[in-house]
Protein chains: 2
Amino acid sequence: MLTPERHHKIIELLGKKQIVTIQELVEATASSESTIRRDLSELQKEKKLKRVHGGASLLHQKSEELSVVEKSARNFSEKEKIAKLAATIVKDGDCIFIDAGTTTHLMIPHLKDKDITVVTNGISHLEMLTEHQMTTYLVGGLVKPKTKALVGSGALNSLSSYRFDKCFLGTNGIHLEAGFTTPDPEEASVKRLALSLSQETFILADHSKFNDASFSKVADLHEAVILTDELNKELANDFEDKTEIRVVKS
Amino acid sequence: MLTPERHHKIIELLGKKQIVTIQELVEATASSESTIRRDLSELQKEKKLKRVHGGASLLHQKSEELSVVEKSARNFSEKEKIAKLAATIVKDGDCIFIDAGTTTHLMIPHLKDKDITVVTNGISHLEMLTEHQMTTYLVGGLVKPKTKALVGSGALNSLSSYRFDKCFLGTNGIHLEAGFTTPDPEEASVKRLALSLSQETFILADHSKFNDASFSKVADLHEAVILTDELNKELANDFEDKTEIRVVKS
DNA sequence: TTGATTATGAATGATTTTGGTTGAAATTTG
DNA sequence: CAAATTTCAACCAAAATCATTCATAATCAA
């Protein structure tokens, strides 16, 4: 059996079973264990699957929205760097808005010695904010159980009585045409309003968010500065004349 | 059975059953106890579940049990009884306000099967409210670090857009002349407004609060019904023609 | 065809996973 | 409260899986 043929069969089986053992593949392709191992290594390098002890599994088993804890695991170190960069932008005396979400959450420890006023719609941020003795205002509204974010008309109303020097938002997608997008329209509304109430807005997004679009639009690219961890040449060329991008220094 | 396969199965079972024993998992995955223990340790490290003696439970699972400190708080058992009484007053379809504070907090587990909408200014209540899948609105405003209550003009503004069937408040003092009082004027304002927005208001207060007055007045005695644990003859005589008092049945 | 390149499968020893066993710790029972 | 039971983490040896090497077979290019 030819190599591309095997590869195709492996991917096909994976698609059906979510997870396959080496033995199953040996039988299915009538080739040796060694060969299958080599195939799996290659396919893994091509990001077609993930090797696991004893076989291989699909790369993304679930397409549904990940829970907060899971998000905190993915690309954690990149997010941490981005958050640190974002924190350096904040100066004493600033009034800032911090969006709900994991990346923005990571900003908080880095803000601890600054004399600032923080407004947020993220309930998860509260404990850490008050721990660090920061003056904290919470937006009102409906509690979204999954993300612990405050949304809805209550959130918009109470948000609209504030003005910010700087606004730090998370996003799910950054796309040339679609702009900044996020899955939940309710959360998008809150982000949009916060942005409009702020002198400057910063989007915290790791590289995986680029060229991706989600359901609800928050803003056009030119309306905010993007803070990210890395940017390859292609992306830089595509995006650089549409928006300002700041990359963490490695 | 491959490791990720087992992990997936464990999470899946947990999702259905909320809690699983090691034995159940041993059977479901046809692997040994040791292996399951290792899996649980890993998944716990990844914040996918919480290990408990004999098995594992969902991460944010109903933590019916209160922390030791909470239980050891003053007059706990009285407060618990009062909270239970208060919960019986709530009917399906009600929109209620639950004040920040420990006594009101104890109401929440007893409300779990009711179909209600809750508005609160107590951040500590949120976790338990969302755990029990209640529709929850949070008031906005300044976060008071010590009591985790929301106060200030932001709280008043966002509160004023709601109307309640019932309102449950805590208090520090119940006094014939001073009425219901509390030390912090900011919190008093919130309580006062919540009361005025509600059809009926209930004050949850154990016997130690009677004949005591604090700095800021919330309301006169006749404006709310008092829920308490016991009432000696003297107090009963003094207060009964000024206000309605309901005592827990022993 | 021939020499070079690549793919294959078997063998090796290293690494990881596994299930059983142990005594310690936690929980339940009396 | 103490004994009995259950559950636990730590350890171990056996089994499975792994990466690497090497010789052979297949394929390719000239």
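Every chain is numbered from 1, with letters handed out A, B, ... down the list of sequences. Please read these numbers as outputs of a predicted model, since none were measured by experiment.
- Scanning for side chain to side chain donor-acceptor pair (under 3.5 Å) contacts around A:His53 gives an empty result, with sequence neighbours left out.
- Here the nucleotide nearest the side chain of A:Arg38, chosen from C:dG9, D:dC11, C:dT21, is C:dG9.
- A straight line from CD of B:Glu5 to C1' of C:dT17 spans 15 Å, rounded to a whole angstrom.
- Comparing C:dG20, C:dA10, C:dA7 by their nearest atom to the side chain of A:Thr3 picks out C:dA7.
- Aromatic ring centroids of A:Phe239 and A:Phe210 lie under 6.0 Å apart.
- Atom CD1 of B:Ile22 is separated from atom C1' of D:dA9 by 11 Å (rounded to the nearest Å).
- Residues that satisfy the side chain to side chain donor-acceptor pair (under 3.5 Å) test with B:Lys144, not counting sequence neighbours, are B:Asp184, B:Glu187.
- When rounded to the nearest whole Å, the span between CG of B:Leu25 and P of D:dC8 equals 11 Å.
- Counting only residues at least two apart or on different chains, the salt bridge (charged side-chain N to carboxylate O under 4.0 Å, His left out) pairs with a member in residues 2-12 of chain A are A:Arg6-A:Asp39.
- Across the protein-nucleic acid pair, A:Glu24 atom CD and D:dA16 atom P stand 16 Å apart, rounded to whole Å.
- Taking 4.0 angstrom as the limit, B:Ser34 places none of its side-chain polar atoms (N or O) nearer than this to OP1 or OP2 of C:dG19.
- Using a 4.0 Å cutoff on non-hydrogen atoms, the parts of residues 42-56 of chain A near DNA chain D are A:Arg51, A:Val52, A:His53, A:Gly54, A:Gly55, ordered by number.
- Regarding A:Leu2, its CG atom lies at a distance of 11 Å from the P atom of C:dA7, rounded to whole Å.
- The shortest distance between the side-chain N/O atoms of A:Thr35 and the OP1/OP2 oxygens of C:dG9 is below 4.0 Å.
- Between the P atom of D:dA19 and the CD atom of A:Glu33 lies a distance of 11 Å, rounded to the nearest Å.
- Between the CG atom of B:Asp39 and the P atom of C:dT18 there is a distance of 7 Å, rounded to whole Å.
- Relative ring orientation between A:Phe168 and A:Phe202 is described as parallel, the plane-to-plane angle staying below 30° on a 0-90° scale split at 30° and 60°.
- Without hydrogens or angle criteria, A:Gln44 side chain to A:Arg51 main chain gives a donor-acceptor distance under 3.5 Å.
- Axis angle, first five pairs versus last five pairs of the helix from C:dT1-D:dA30 to C:dG30-D:dC1: 40°, rounded to 10°.
- Distance alone, capped at 3.5 Å, is enough to place a donor-acceptor pair between the A:Thr136 side chain and the A:Met134 backbone.
- With sequence neighbours excluded, no residue forms a side chain to side chain donor-acceptor pair (under 3.5 Å) with A:Ser214.
- Between the CE atom in A:Met1 and the OG atom in A:Ser31 there is a gap of 7.5 Å [rounded to 0.5 Å].
- Across the protein-nucleic acid pair, B:Arg37 atom CZ and D:dA10 atom C1' stand 12 Å apart, rounded to whole Å.
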